[in-house]
Amino acid sequence: MYSQVNRKTYYISMLTLIALMLSGLILSTTELSGITVGYVIHFLCVAILAVCLLIYPKHETYIFRKIIILFAFAYFYTLFFLYPETWTTYILICLIPSLAILFFDLKLFYFSIILNGFLILLTFGYIILIDQGNIYSYLHHDILGNLINIIASQILLFLIFHLSFSRMKKQQLYHEQLQQSERLKMIAHLTAAVAHEIRNPVTVVRGFLQLYREDPAFDDPVKNKFKLMIDELNTVEQITSQFLTLSKPNRDQKPEKVDVNDALQSVTGLVRSYAMLSDNQMHIEAEEGCFIFINPIEFKQLLMNLIKNALEASNMGTPVTVIAKRNQHYIEIKIIDEGSGMSEDEVKSLGTPFYSLKSNGTGLGLMICFNIVEKYDGEIHYDSKKGVGTTVTIRFLATEGK
């Protein structure tokens, strides 16, 4: 609806539809003897549906779609019972759930098809028990065959909706992946242009600051300020290095068989002192004989980033647990923390460039982790709950040991 072309097509289609409904309303005056209650209901359904369809582009909400569907039900069933001689209205009530397909709304489609099934059963109950073929003889002569046809039409609509819905979801996922790829290309071009230009002056400035910091002519308060500036320049250099990793990945790093247990012990040995600063404990539970085919440097970088994130998200004094085990043909590594957790929307945004839940984060470290996992055909999954904590699960295809 936000595209001008789509909006124009929509209004042309709806005005044509409204003109057809109005022509049917005018034609019905020749079949009815005066203004009846049924005619008033027919008129109200046409009027309300016309208004709803015309203002829908400005109110694209689930509630408003549901209102349109309900009045569509009222309109088509009014036609069916008010004009029994026009047997084609029987076809229209079979097609009511298809309106939800136009809105591309899963919940609305289920609501429509269940409601239509219930109303069809009531309708056939009325034809069998009350009408008994007096008016709806074309249905009563073969009641079972007509009922089977209606059920078949609803199944067909169900299949059409789900096939189109799954296809559209795949296209949406492809579009999101394409956008992500474009963002990565943009970052690569940006880093190639400016990363080295940033690093060079930063190196010079940091060198002079380190020289001044060792100069006895400056007292301790001034030296502390030099130290603060050097730390900030180190942060700048670290971020620049992350940019360079994204723009120019090391093609010379070849995969090999890696013992997950050995890699975990090596990484946790490095971050254990970092954990002690916040009084956090590291628990490692790794099965023997867990081997994967991956570049060891990239694998350690992946583990380092994820464990460090878990420690930073953890509350003071709470443990971070790392579990590695074999699950059929895969090696699963779980990193569990008891931090503040994340919402569903926050989890969905993880791995996006420049998205970080840390005050001084850039989101590039986690983005590198996602790229490493994808590079080796692995899977990464976040299970998080606010106030409870987060579990990161990484899965790689297992390989045989040495």
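The first residue of the sequence shown is numbered 1, and numbering continues consecutively from there.
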Note, [X] side chain near [Y] side chain (heavy atom, < 4.5 Å):
{"X": "Phe165", "Y": "Phe109", "answer": "no"}
{"X": "Leu311", "Y": "Asp337", "answer": "no"}
{"X": "Leu397", "Y": "Phe293", "answer": "no"}
{"X": "Val51", "Y": "Ile48", "answer": "no"}
{"X": "Gln154", "Y": "Ile96", "answer": "no"}
{"X": "Leu70", "Y": "Leu115", "answer": "yes"}
{"X": "Thr393", "Y": "Ile380", "answer": "no"}
{"X": "Asp215", "Y": "Leu211", "answer": "no"}

Return the minimal non-hydrogen interatomic distance between [X] and [Y], and the atom names on each side.
{"X": "Gly341", "Y": "Thr390", "result": "CA-OG1, 3.8 Å"}
{"X": "Thr78", "Y": "Gly38", "result": "CG2-O, 4.2 Å"}
{"X": "Leu20", "Y": "Ser23", "result": "O-OG, 2.6 Å"}
{"X": "Met21", "Y": "Tyr75", "result": "CG-OH, 3.4 Å"}
{"X": "Glu298", "Y": "Ile372", "result": "O-CD1, 3.6 Å"}
{"X": "Pro57", "Y": "Tyr11", "result": "CG-OH, 3.6 Å"}

Rounded distance (nearest 0.5 Å) linking atom [atom1] of [X] with atom [atom2] of [Y]:
{"X": "Arg206", "Y": "Arg213", "atom1": "CZ", "atom2": "CZ", "answer": "12.0 Å"}
{"X": "Leu139", "Y": "Asn146", "atom1": "CG", "atom2": "CG", "answer": "5.0 Å"}
{"X": "Ile120", "Y": "Leu147", "atom1": "CD1", "atom2": "CG", "answer": "8.0 Å"}
{"X": "Asp105", "Y": "Thr61", "atom1": "CG", "atom2": "OG1", "answer": "10.0 Å"}
{"X": "Tyr77", "Y": "Thr123", "atom1": "OH", "atom2": "OG1", "answer": "4.5 Å"}
{"X": "Cys52", "Y": "Ile69", "atom1": "SG", "atom2": "CD1", "answer": "11.0 Å"}

[X] atom [atom1], neighbour heavy-atom count above 12 within 6.0 Å:
{"X": "Lys225", "atom1": "NZ", "result": "no"}
{"X": "Glu344", "atom1": "CD", "result": "no"}
{"X": "Glu374", "atom1": "CD", "result": "no"}
{"X": "Phe111", "atom1": "CZ", "result": "yes"}

Counting only N and O atoms by type, is there a donor-acceptor contact under 3.5 Å from the side chain of [X] to the main-chain atoms of [Y]?
{"X": "Ser164", "Y": "Phe161", "answer": "yes"}
{"X": "Tyr10", "Y": "Leu53", "answer": "yes"}
{"X": "Asn116", "Y": "Ile93", "answer": "yes"}
{"X": "Arg326", "Y": "Gln328", "answer": "yes"}
{"X": "Asp259", "Y": "Phe291", "answer": "no"}
{"X": "Glu285", "Y": "Thr321", "answer": "no"}
{"X": "Ser266", "Y": "Asp262", "answer": "no"}

Q. Without hydrogens or angle criteria, can the side chains of Glu379 and Tyr330 be said to hold a donor-acceptor pair below 3.5 Å?
A. no

(Q) What I want to check is whether the side chains of Asn315 and Glu338 have a donor and an acceptor closer together than 3.5 Å. (A) no

Q: Go through the steps for Val373 and Ile394 under the test side chain to side chain contact (heavy atoms under 4.5 Å, CB included), then give the verdict.
A: CA-CA 8 Å; Val373 172; Ile394 317 163; 4.1 Å; yes

Q: Could you check Met342, His381, Lys385 and say which one makes a side chain to side chain contact (heavy atoms under 4.5 Å, CB included) with Val347?
A: Met342

Look at the aromatic rings of [X] and [Y] and report parallel, tilted or perpendicular, splitting at 30° and 60°.
{"X": "Phe158", "Y": "Tyr110", "answer": "tilted"}
{"X": "His42", "Y": "Tyr39", "answer": "perpendicular"}
{"X": "Phe80", "Y": "Tyr136", "answer": "parallel"}
{"X": "Phe64", "Y": "Tyr56", "answer": "parallel"}

Q: Tell me, with the steps shown, if Ile333 and Ile323 meet side chain to side chain contact (heavy atoms under 4.5 Å, CB included).
A: CA-CA 6 Å; Ile333 304 167; Ile323 302 172; over 6 Å; no

Q | Set of salt bridge (Lys or Arg N to Asp or Glu O under 4.0 Å) partners for Lys227, sequence neighbours left out | A | Asp231

Q) Is Lys325 salt-bridged to Glu332, going by a charged N under 4.0 Å from an acidic O? A) no

(Q) Run the side-chain contact (heavy atoms from CB on, under 4.5 Å) test against Ile128 and tell me which residues pass, sequence neighbours left out. (A) Ile143

(Q) Ser112 vs Leu99, test: side chain to side chain contact (heavy atoms under 4.5 Å, CB included). Steps then yes/no. (A) CA-CA 9 Å; Ser112 300; Leu99 294 173; over 6 Å; no

Q. Checking side chain to side chain contact (heavy atoms under 4.5 Å, CB included) for the pair Ile307/Met282: CA distance, chi angles, key distance, verdict?
A. CA-CA 9 Å; Ile307 294 173; Met282 292 285 303; 3.6 Å; yes

Q: Determine whether the aromatic ring centres of Phe299 and Tyr376 lie less than 6.0 Å apart.
A: no

